[in-house]
Amino acid sequence: MTGGNMEVIDLARQRNNPVYQLVALLEELGEAVAVTDRLAHLVHINLSAQRMLGIVGEEIAGASLAEWVEELAAAPNVELALSEYAMIPRGPNGERTVTLRQRNGGTNRADFLVCRTELGDAAICVCLFRDLSEINRAQEQMLDAQRLVRSILHNTSEGYVLIDASGMITDINPAFEAMCGRNAMDLLDSRFDRLFDGRDKKTIEGLVTKLEKGRTASAEIGFQGANGESRLGLFKGAPLFDARDERVGIFGLITDVTEAKERERKIEQLAYFDPLTELANRSLLRDKLEQATLFSQRSQRKFALLFLDLDRFKHVNDTYNHPLGDQVLQEVAQRIRQVVRRSDVVSRFGGDEFVIGLVEPKRIEDVALVAEKLLEIVARPVALDDKTVHITTSIGISVFPDDASSVDELIRNADLAMYQAKEEGRARYSYFTETLNDRVRRRREMERQMRQALENEEFVLHYQPKVDGNNGRIIGAEALIRWQSPAMGFVSPADFIPLAEETGMIVPIGEWVLKQASKQIREWKRQGLQLVPVAVNVSGMQLHHPEFKPQLQKMLAKSDMVTEWLELEITESTLMKDVELTIALLHELRGMGFMLSVDDFGTGYSSFSYLTRFPINILKIDQSFVCDLPDKKSAITIVSAIANMAKSLGLKTVAEGVETREQAEFLTRLGCDQLQGYFYSRPVPADDFARLLEKGAIVP
Ligand code: C2E
Ligand code: CA
Ligand code: CA
């Protein structure tokens with residue numbers, strides 16, 4: 001399609017012409033270049049331009065550029081149009097862009113540079129195409145991304161803010177507007193720190209410094225909430241840079257962490273503090289003590305631990321009520337805090353136990369002083385409502401590292417020392433000592449062995465007859481436990497029963513005794529022997545244990561013989577412990593059919609009026625009086641008084657520890673119903689006792 005007025009221009013023959021060299025250079029630079037005559041007929045077109053215009057091959061020479069460039073096609077005068085393009089300066093509005101017709105029917109925008117020049121005599125146009133679609137797409141994508149980010153930020157529940165390089169707010173999102181109850185109009189173009197309520201100036205300064213240095217920064221900053229209340233926000237800021245790496249502003253996210261912080265605080269409170277007294281709890285105590293031990297090891301300085309246990313606090317709870325007990329504990333906590341320094345640790349360790357770590361090293365010298373102050377301040381009457389409560393405390397003291405090498409050991413040993421203080425009479429303090437430790441170690445070992453003894457059936461019951469002094473007839477027996485330990489040999493009940501009481505082992509041991517005794521009674525019955533009531537010792541701890549009654553009921557369910565032939569011996573001191581509680585309990589036991597006797601009578605200071613209220617059957621005169629008979633006057637007086645009192649109350653009497661004929665005769669004359677002691681028989685194994693029963697009487 002060669003146009004009639006086409007000038008024949010042979011570019012290749014003009015190699016020395018600067019235009020030729022310009023075109024070559026442009027091509028070298030990868031530009032899409034076409035050369036036309038002044039009427040836009042193609043003289044030359046390079047590969048890039050062919051690709052852009054969708055032209056194949058050079059055979060297209062002579063065709064008009066207007067076939068591809070819409071603007072040229074539309075121009076009434078192509079030559080004029082071309083020369084106009086050559087004159088348009090490069091401008092920001094894309095004035096030189098043209099629409100290229102694609103072979104597939106589509107269009108494509110391109111920058112169109114035209115340079116009109118002379119080649120020999122002919123005027124030519126060097127045309128340069130720059131594809132805009134690629135650039136456009138990238139730009140569009142960037143705009144899209146910005147729009148997306150902005151829409152995300154505007155819809156997120158986190159507050160977001162944009163700040164320019166001079167510290168002015170240039171954008172905030174609705175979430176932040178809602179958080180602080182202000183609208184964007186109010187905040188835009190104001191200073192960044194207006195976002196906050198001004199109480200954390202220092203924090204904000206620090207934050208800004210960091211951001212200005214081009215680092216990210218975050219901080220918790222107070223701001224005013226929608227209703228004017230003060231709230232806490234977590235501000236996270238990141239500096240923004242432009243393409244030349246210059247800081248152009250700050251991008252900030254603000255989250256309202258008021259509730260989260262409060263929750264955190266509460267959880268911490270729960271995790272580390274006792275809710276009732278607000279003192280540290282065990283885990284905080286442990287933490288602080290661990291720190292103290294580390295410090296002590298580094299600094300070679302000692303620190304002390306005080307273990308407080310309120311004396312007879314259970315009594316306070318029983319007599320009054322639990323809310324009042326709680327108030328007492330709160331008051332005590334308050335008082336302890338007055339005595340120790342802030343740097344010391346005060347914790348509520350358990351019910352009525354408090355542990356104080358005097359971790360300030362200077363205080364080690366005056367531990368005793370602190371202990372004395374504590375004793376005094378706790379002992380002051382506690383006035384609550386209309387009541388006044390008197391309470392004392394016992395304190396155990398242990399010292400790190402003298403008494404322990406670990407926190408656990410330190411606490412344990414202060415606890416032991418506290419028990420020592422209790423044993424010494426309460427309302428006092430006691431230091432931990434090695435001997436105390438030994439004793440405890442022995443006890444623990446003993447406890448372990450008692451447990452084993454039950455499993456291995458190392459316990460046996462011996463039976464000691466009770467005799468009618470007038471004729472030597474056996475009219476009763478007392479079951480006494482014996483421990484034949486393979487490791488320790490014979491262990492006296494006087495040694496292990498008190499320990500079993502302390503450790504609680506008395507409960508399973510006591511159960512075993514009851515079962516064993518009733519089994520024995522059934523066995524003797526099976527052997528056709530004349531049965532006598534068998535007394536079983538019940539210790540205080542056992543009596544009040546919640547398992548005790550159910551144990552008896554289970555036995556009753558098995559055999560009703562049990563109540564007929566089992567007697568329960570309870571010491572006088574046990575009865576006097578929780579009088580009201582015990583009276584109720586004894587009534588229940590009587591109701592079940594058991595005979596009850598008061599053991600070691602005369603040692604427990606029970607008053608006559610109490611005795612009348614206990615539903616008891618028998619008084620056992622303590623052997624300490626019996627052994628002084630018949631010579632010692634005081635013994636005669638006491639034993640006679642007990643015998644008379646028993647008679648007037650309708651109670652039977654048993655004298656225990658009868659060792660001589662004189663004692664036996666004296667007691668019989670006094671009207672004592674039963675005599676028990678070595679004079680008649682030592683406690684003997686069940687088979688031996690069966691032989692005694694066969695005989696029926698003992699006449700020494
Ligand atoms: P207890 O209940 O006062 O028992 C009487 C103690 O006096 C027994 O010591 C007995 O052997 C001893 N005895 C008996 N006749 C004489 C005598 O003529 N002279 C002397 N000097 N002593 C005599 P035992 O068997 O060593 O028991 C000591 C304590 O152990 C008992 O005192 C009792 O409190 C406790 N016990 C023994 N068996 C049991 C038991 O099965 N359960 C409970 N809870 N305690 C028991
Ligand atoms: Ca007894
Ligand atoms: Ca006794």
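We count ligands from 1, going down the list as the structure has it; atoms in each ligand are counted the same way.
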Given [options], which has its nearest heavy atom closest to [atom]?
{"atom": "atom 5 (C) of ligand 1", "options": "Q623, Q516, E659", "value": "Q623"}
{"atom": "atom 43 (C) of ligand 1", "options": "N537, V658, L543, V538", "value": "N537"}
{"atom": "atom 38 (N) of ligand 1", "options": "D622, D495, I481", "value": "I481"}

Among all protein non-hydrogen atoms, which one is nearest to [atom], and what is the separation to 0.1 Å?
{"atom": "atom 37 (C) of ligand 1", "answer": "L480 CD2, 3.6 Å"}
{"atom": "atom 26 (O) of ligand 1", "answer": "P493 CG, 3.4 Å"}
{"atom": "atom 16 (C) of ligand 1", "answer": "Y678 CE2, 3.2 Å"}
{"atom": "atom 11 (O) of ligand 1", "answer": "P683 CG, 3.4 Å"}

Mark whether [atom] lies under 4.0 angstrom from at least one protein heavy atom.
{"atom": "atom 3 (O) of ligand 1", "answer": "yes"}
{"atom": "atom 29 (C) of ligand 1", "answer": "no"}
{"atom": "atom 32 (O) of ligand 1", "answer": "no"}

What are the two closest heavy atoms between F548 and L543, and how far apart are they?
CD2-O, 3.6 Å

Can you give me the closest heavy-atom contact between T653 and A646, atom names plus distance?
CG2-CB, 3.4 Å

With no hydrogens and no angle check, is any side-chain donor or acceptor of N281 less than 3.5 Å from a backbone partner on D274?
no

Got a donor-acceptor contact below 3.5 angstrom from the N471 side chain to the R473 backbone?
yes

Taking heavy atoms and a distance under 4.0 Å, where does [X] meet ligand 1: side chain, backbone, both or neither?
{"X": "I509", "value": "neither"}
{"X": "R482", "value": "side chain"}
{"X": "R682", "value": "neither"}
{"X": "Q676", "value": "neither"}

E457 atom CD, neighbour heavy-atom count above 12 within 6.0 Å:
no

Show your reasoning for whether side-chain contact (heavy atoms from CB on, under 4.5 Å) applies to L693 and Q530.
CA-CA 7 Å; L693 273 185; Q530 179 62 52; 5.8 Å; no

Compute the ring centroids of [X] and [Y], then answer whether they are less than 6.0 Å apart.
{"X": "W524", "Y": "Y463", "result": "yes"}
{"X": "F354", "Y": "F307", "result": "no"}
{"X": "F496", "Y": "W483", "result": "yes"}

Heteroatom of [X] nearest to the Ca ion (ligand 2) (N, O or S, atom name):
{"X": "E569", "answer": "OE1"}
{"X": "E478", "answer": "OE2"}
{"X": "D599", "answer": "OD2"}

Would you please determine whether G657 falls within less than 4.0 Å of ligand 1 on a heavy-atom basis?
yes

Could you tell me whether [X] and [Y] have a side-chain N and a carboxylate O separated by less than 4.0 Å?
{"X": "K373", "Y": "E376", "value": "no"}
{"X": "E424", "Y": "R428", "value": "no"}
{"X": "E523", "Y": "R526", "value": "yes"}
{"X": "R691", "Y": "D688", "value": "yes"}

Do any N/O atoms on V513 end up under 3.5 angstrom from N/O atoms on ligand 1?
no

N, O or S atom within D600 nearest to the Ca ion (ligand 3), by name:
OD1

If you look at E656, which of its N/O/S atoms is nearest to the Ca ion (ligand 3)?
OE2

Sub-4.0 Å atoms of ligand 1 with respect to non-hydrogen atoms of [X]:
{"X": "E656", "value": "3 (O)"}
{"X": "Q464", "value": "14 (C), 15 (N)"}
{"X": "S539", "value": "44 (N)"}
{"X": "D600", "value": "3 (O)"}
{"X": "E478", "value": "2 (O), 4 (O)"}

With a distance cut-off below 6.0 Å to the six-membered ring centre and an angular limit of 45° from the axis, does R482 pair with F490 as a cation-pi contact?
no

Can you tell me which residue among L670, V658, V654, V639 is in a side chain to side chain contact (heavy atoms under 4.5 Å, CB included) with I621?
V639

Among K620, E656, K466, which one satisfies side-chain hydrogen bond (donor to acceptor under 3.5 Å, both in side chains) with Q676?
K620

Does any N, O or S atom of T571, backbone or side chain, fall under 3.0 Å from the Ca ion (ligand 2)?
no

